[in-house]
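Take this structure, written in structure tokens, and hold onto it; I'll ask about it next.
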Amino acid sequence: MTVPEKYGLGPIEVVAITKGEVELVAPLTGSGYSVSGCSGGGGVSSDGNGGVGFSCGEGPAATINNAMSLKVVDILGTAAVLHIEPAR
């Protein structure tokens, strides 16, 4: 799914839904990356060409790059409902 450029991420791709978690990957469009509320990691290059991977379970929303809120609303077997909005 494509998100606004101000979030610092390129298109986010769901790569797996397992054990109550949604695993996602995205390219970085900026030179930094932060995540709070999900487990995450990845590489960041100084020119913004890195990528990140993170996993989120159902529950409170995670904040990514202090700009985007991502919440896993429901996991339904091999499908998930995600809610993405600007961070508050």
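What you are looking at is a predicted structure, and each value in this text was computed from that prediction instead of being measured.
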Practice problem: In sequence, state the C-alpha distance, the side-chain angles, and the governing distance for V72 and V81, and then conclude on side-chain contact (heavy atoms from CB on, under 4.5 Å). | Solution: CA-CA 6 Å; V72 177; V81 177; over 6 Å; no
Quiz prompt | Transitive ILVMFWY side-chain link L28 to M1, under 4.5 Å | solution = yes
Quiz item: Taking C-beta and beyond as the side chain, do L70 and C56 meet within less than 4.5 Å on heavy atoms?
Solution: yes
Quiz item: Please walk me through it: do I75 and V22 pass side-chain contact (heavy atoms from CB on, under 4.5 Å)?
Solution: CA-CA 8 Å; I75 296 175; V22 179; 4.1 Å; yes
Quiz prompt | Qualifying side chain to side chain donor-acceptor pair (under 3.5 Å) pairs, either residue in residues 60-72, two or more places apart | solution =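 Residue pairs with at least one partner in residues 60-72: there are none.
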Practice problem: Would you list the pairs meeting salt bridge (Lys or Arg N to Asp or Glu O under 4.0 Å) in which at least one residue belongs to residues 72-85, sequence neighbours left out? | Solution: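 Checked against salt bridge (Lys or Arg N to Asp or Glu O under 4.0 Å) - neighbours excluded - the pairs reaching residues 72-85 are E85-R88.
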Only distances under 3.5 Å count here; give the side-chain donor-acceptor pairs of residues 5-18 to other protein atoms, sequence neighbours excluded, each with its distance to 0.1 Å.
unit_1 : atom_1 : unit_2 : atom_2 : d
T18    : OG1    : E23    : OE2    : 3.3

Quiz item: Quick one: SG on C38 to CD1 on I64, what's the gap to the nearest 0.5 Å?
Solution: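 Between C38 SG and I64 CD1, I get 6.0 Å after rounding to 0.5 Å.
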Quiz item: Any link between V35 and V3 through a network of hydrophobic side chains (Ile, Leu, Val, Met, Phe, Trp, Tyr) touching at under 4.5 Å?
Solution: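 Same cluster: V35 reaches V3 through Ile, Leu, Val, Met, Phe, Trp or Tyr contacts under 4.5 Å.
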